[in-house]
Amino acid sequence: MVTTHNLGLPRIGGRRQLKFSLEAYWRGEIDAQQLTTTGQQIRAQNSEHQQALDWACVGDFSLYDHVLDTSIMLGNLPRRFAQQQLTPLDRYFQVARGRSTEASTPLAAAEMTKWFDTNYHYLVPEFERETQFELNAEQLLMQIEESQSKNLKPVIIGPVTYLWLGKSKDGSNPLDLLERLLPVYQQLLQQLADAGIEWLQIDEPILVTELDQTWRHALRNAYFRLQTKTIKLLLTTYFGSLKENLQLACELPVAGLHIDATRARDEVERIIDWLPQHKILSLGVIDGRNIWKCHLNSLLDWLEPIHQRLGDRLWLAPSCSLLHVPVDLESETDLDDEIKSWLSFALQKLSELETLASALNHGRQAVARQLSDNAQAIQRRSESPQIHIPAVVDRIAKITEAMSQRRHPFATRRTIQQQRLNLPLFPTTTIGSFPQTNEIRQARKAHREGRLSSADYRNAMEKEIAQAIRLQEDVGLDVLVHGEAERNDMVEYFAEFLSGFAFTRFGWVQSYGSRCVKPPIIYGDVQRQTDITTQWTSYAQSLTNKPVKGMLTGPVTMLNWSFVRDDQPLALTCNQLALALRDEVLALEQAGTAIIQIDEAALREGLPLRRKQWPDYLEWALKAFRLTANGVQDDTQIHTHMCYSEFNDIIESIAAMDADVITIETSRSDMELLDVFESYEYPNEIGPGVYDIHSPNIPSMASMVKLIQLAQLRIPAERLWINPDCGLKTRQWQEVIPALKNMQQAARRLREEARLDSQQTTTA
Ligand code: GLN
Ligand code: ZN
């Protein structure tokens with residue numbers, strides 16, 4: 001018999017109950033008890049959803065983040081929070097969210113970073129040479145105790161991955177802490193065994209990354225030391241192939257191994273060969289990262305012989321935790337029925353798993369109806385006229401190399417653009433969005449619900465644009481923006497004008513803490529249906545003599561922030577997006593827009609987990625960007641924006657995008673990231689963000705002057721722009737106006753200094 005189990009469910013709730021409870025708790029509207037009740041309800045529902053499985057996952061719930069929970073369980077909180085007189089719950093939230101400047105001394109929240117190659121962000125554990133650990137498994141034990149189901153398999157993060165996820169604060173090596181950490185894990189294993197637990201899922205996803213000898217050795221050491229007769233360990237990996245770590249993963253002394261059989265399917269044969277006979281093999285066959293129904297019959301064709309070989313040693317599960325997909329497709333009552341029949345969210349994925357197991361255990365005829373329904377849906381999807389647009393296929397075939405090249409090199413373009421734009425030294429601009437006020441959101445909602453006519457909605461947005469233009473003129477900025485009032489979201493807004501996209505109402509996925517995203521679904525060929533932004537940009541331009549930048553979201557970001565179709569390569573979908581957006585770029589140019597910004601906020605997110613695979617990704621991703629951007633005339637200035645500070649390792653690829661101007665995030669790192677420009681001369685113009693838009697603080701003129709002076713050590717003044725780190729949509733106008741005034745003052749000061757400098761050189 002095959003055994004079914006699960007690696008985790010979404011914890012935000014099908015209606016984002018946890019989000020709303022958390023935020024109400026933080027605002028002081030509900031008390032800790034009420035928040036706890038929400039958590040209990042979600043856990044109770046999740047345990048019900050797993051009833052038909054042989055093993056239900058427990059310990060996957062978290063009020064904020066499961067890595068922070070692990071830090072609490074191991075007694076490792078950043079030292080700065082230790083002295084606070086707070087309940088454990090409030091301390092937990094303080095580590096997650098920091099303490100703002102209104103309190104006596106501000107406390108920085110733990111740093112957040114992306115969970116492997118997902119869009120989920122975890123709180124980075126902090127380590128010091130002196131870090132001590134102490135077991136505090138209360139929360140996990142409580143979840144085990146409260147659960148009604150009998151067959152519980154708790155999940156924890158393994159010790160080596162835990163150290164790998166963290167950051168040393170004093171230059172010490174986190175791995176040196178392993179000796180201190182292992183006894184705590186041993187104790188934890190004992191406590192779980194005492195609580196009646198038979199199987200423990202212990203996650204070591206770092207096994208799908210490139211590990212050096214010290215990390216591989218640490219894994220060997222750790223699992224050798226954690227061997228015990230009292231509890232069985234299911235060593236769990238996900239998000240990729242094991243590759244050079246395959247043998248290691250097979251050999252570690254545990255009772256079972258789980259692998260991501262959607263991304264590492266081609267390794268299964270070798271794993272079966274390597275895996276000792278006494279171990280079970282759990283195959284994660286249902287894709288936990290995407291929302292498509294799996295093809296049950298073809299999976300069974302593959303699994304049946306494996307089942308014959310492995311017998312009871314075969315377990316089945318989703319590839320990873322279902323945290324990364326929405327909860328329940330049944331909630332989507334507005335979705336096109338045909339498209340809906342192709343999809344599967346977390347709960348549907350559990351049913352697929354049960355069907356697979358029944359077919360293996362009792363023969364396909366036992367689930368004949370489910371299998372034929374599934375086969376029909378898969379068949380209909382592959383043949384659907386909704387998916388394939390011959391014109392798109394045709395255009396893709398006609399892409400030429402020349403289409404992604406500008407007509408002339410940057411140096412030539414630059415002179416032509418200078419003549420057209422006539423900008424001063426240190427031109428000032430913003431990244432696109434202005435505050436999304438309550439009125440804007442109300443108007444959008446009213447329009448969506450049919451309470452506000454399209455004409456009235458348009459008027460309301462034009463009023464916002466006019467106000468934004470007026471304010472920017474008052475401040476004296478050089479390159480203006482229309483402010484993006486009409487956009488709910490930088491991806492969804494564009495997707496709504498493209499074919500091949502579907503949207504959900506409740507398809508939320510946790511991004512961090514109480515924050516969720518609702519990725520659109522790319523199900524078919526992508527084509528631009530009408531002009532998207534020209535009317536707004538042209539209206540804005542009609543109000544001012546200063547240049548107004550056109551604002552677009554780039555193809556790679558559209559791709560990386562959507563659920564993508566799985567029936568063709570990503571690169572191809574990205575090229576379709578590129579052609580659609582290229583049309584918009586050319587439409588803007590046609591309408592007289594001299595500057596067009598193409599945001600690639602999520603370019604870096606698509607980087608594969610293994611560096612060896614980076615060049616391939618970068619090649620097609622950047623080609624798609626160039627295809628979008630580079631069809632314009634020399635006198636059109638292309639900007640791009642990326643809102644992260646690490647791109648040292650991909651700087652050459654970024655330069656190869658050949659955008660005339662790039663704006664990036666830097667203010668929080670004191671321009672440290674510009675270090676790369678010492679060794680690499682970035683050829684085009686660059687606007688290192690001087691205003692940290694994530695903070696409510698208003699940056700002073702002096703601080704911004706200082707940052708640009710630092711930047712000038714590496715980049716010549718003639719190639720520097722002055723701008724904030726990112727869009728301003730989450731800020732308030734009363735913060736933005738003084739901040740931008742200071743920014744403009746900073747530019748004036750810098751121009752003045754440059755003028756004095758050049759006078760000195762001429763008189764000297
Ligand atoms: N133009 C977008 C804005 O200003 C860019 C957002 C982003 O980079 N995340 O909002
Ligand atoms: Zn940004």
Side-chain angles (χ1 to χ4, degrees), residues 62 64-101 103-116 121-140 156-189 202-206 209 211-223 225-226 512-513 645-646 648 668-670 672-673 675 694:
S62 175
Y64 198 99
D65 166 44
H66 59 278
V67 181
L68 178 57
D69 294 351
T70 308
S71 292
I72 302 254
M73 180 167 76
L74 301 171
N76 176 40
L77 285 190
R79 206 202 290 261
R80 61 187 176 279
F81 295 98
Q83 289 86 16
Q84 304 301 310
Q85 295 295 321
L86 292 171
T87 65
L89 183 68
D90 288 336
R91 171 165 310 125
Y92 174 78
F93 289 136
Q94 200 165 78
V95 180
R97 308 172 67 229
R99 190 171 70 184
S100 80
T101 40
S104 44
T105 33
L107 282 179
E111 195 183 313
M112 232 174 14
T113 196
K114 269 161 52 72
W115 177 246
F116 297 89
H121 301 74
Y122 71 91
L123 289 157
V124 179
E126 293 178 20
F127 301 123
E128 293 172 26
R129 197 167 281 108
E130 307 306 323
T131 297
Q132 300 286 336
F133 301 98
E134 188 184 355
L135 184 63
N136 166 21
E138 230 169 86
Q139 281 298 319
L140 181 57
I156 61 170
I157 295 174
V160 189
T161 290
Y162 178 71
L163 293 175
W164 187 90
L165 292 170
K167 226 180 176 174
S168 163
K169 287 278 144 182
D170 58 5
S172 59
N173 182 355
L175 266 186
D176 294 342
L177 300 173
L178 187 62
E179 283 307 306
R180 249 177 261 160
L181 186 56
L182 288 176
V184 178
Y185 269 83
Q186 284 165 334
Q187 214 184 331
L188 172 63
L189 265 46
I202 188 158
D203 289 2
E204 293 285 5
I206 60 166
T209 69
L211 298 174
D212 69 27
Q213 273 312 318
T214 57
W215 287 96
R216 293 160 59 89
H217 178 74
L219 282 160
R220 248 181 235 113
N221 178 19
Y223 286 89
R225 299 268 300 281
L226 292 179
Y512 67 91
S645 44
E646 309 150 55
N648 299 13
R668 269 177 297 182
S669 62
D670 271 354
E672 248 170 51
L673 91 111
D675 286 352
H694 298 93

Rounding to 0.5 Å, atoms CD (Gln186) and CG (Leu181) come to a distance of 10.0 Å

side-chain contact (heavy atoms from CB on, under 4.5 Å) assessment of Thr209 paired with Trp215: CA-CA 11 Å; Thr209 69; Trp215 287 96; over 6 Å; no

Correct closest heavy-atom pair for Gly98 and Ala109 would be N-CB, 3.2 Å

Decide if atom CD of Gln187 counts as having more than 12 heavy atoms of other residues, nucleotides or ligands within a radius under 6.0 Å. yes

Less than 4.0 Å between a side-chain N and a carboxylate O, is that true for Arg80 and Glu126? yes

Is the shortest side-chain heavy-atom distance between Val67 and Val124 below 4.5 Å? no

Would you say the side chain of Tyr92 lies within less than 4.5 Å of the side chain of Ser62, judging by non-hydrogen atoms? yes

Minimum side-chain heavy-atom gap His66-Trp115 below 4.5 Å: yes

Report, as yes or no, whether the 6.0 Å neighbourhood of atom NE2 on His121 holds more than 12 heavy atoms from other residues, nucleotides or ligands. yes

Are the side chain of Asn76 and the backbone N or O of Thr131 linked by a donor-acceptor pair below 3.5 Å? no

Measuring only between side-chain heavy atoms, which start at C-beta, is Pro159 closer than 4.5 Å to Ile202? yes

Shortest non-hydrogen separation from Thr161 to Glu204 and the atoms involved: OG1-OE1, 2.5 Å

Search all heavy atoms of Thr214 against all heavy atoms of Asp212 and return the closest pair with its distance. OG1-OD1, 2.5 Å

Determine whether Tyr122 and Ser71 satisfy the following criterion, side chain to side chain donor-acceptor pair (under 3.5 Å), listing intermediate values before the conclusion. CA-CA 11 Å; Tyr122 71 91; Ser71 292; over 6 Å; no

Under a 4.0 Å N-O cut-off, is there an ion pair linking Arg225 with Glu179? yes

Val160 versus Ala218, closest heavy-atom pair with distance: CG2-O, 3.8 Å

To the nearest 0.5 Å, how far apart are CD in Gln85 and CZ in Arg91? 8.0 Å

Hey, does Thr113 have a side-chain heavy atom less than 4.5 Å from the side chain of Tyr512? no

State, with a plain yes or no, whether a side-chain heavy atom of Met112 is found less than 4.5 Å away from one of Leu123. yes

Just checking Arg79: does its CZ atom have more than 12 heavy atoms from other residues, nucleotides or ligands closer to it than 6.0 angstrom? no

Closest heavy-atom contact between Gln94 and Arg99? NE2-CD, 3.6 Å

Give, for atom CG of Leu163 and atom CZ of Phe127, the distance between the pair rounded to the nearest 0.5 Å. 5.0 Å

Do Tyr162 and Pro125 come within less than 4.5 Å of each other through their side chains, counting heavy atoms only? yes

Report yes if the side chains of Gln139 and Asp69 come closer than 4.5 Å at any heavy-atom pair, otherwise no. no

Taking all non-hydrogen atoms of both residues, which atom of Leu226 and which atom of Leu182 are closest, and how far apart? CD2-O, 4.0 Å

Got a second to check how far Leu135's CG is from Leu74's CG, nearest 0.5 Å? 7.5 Å

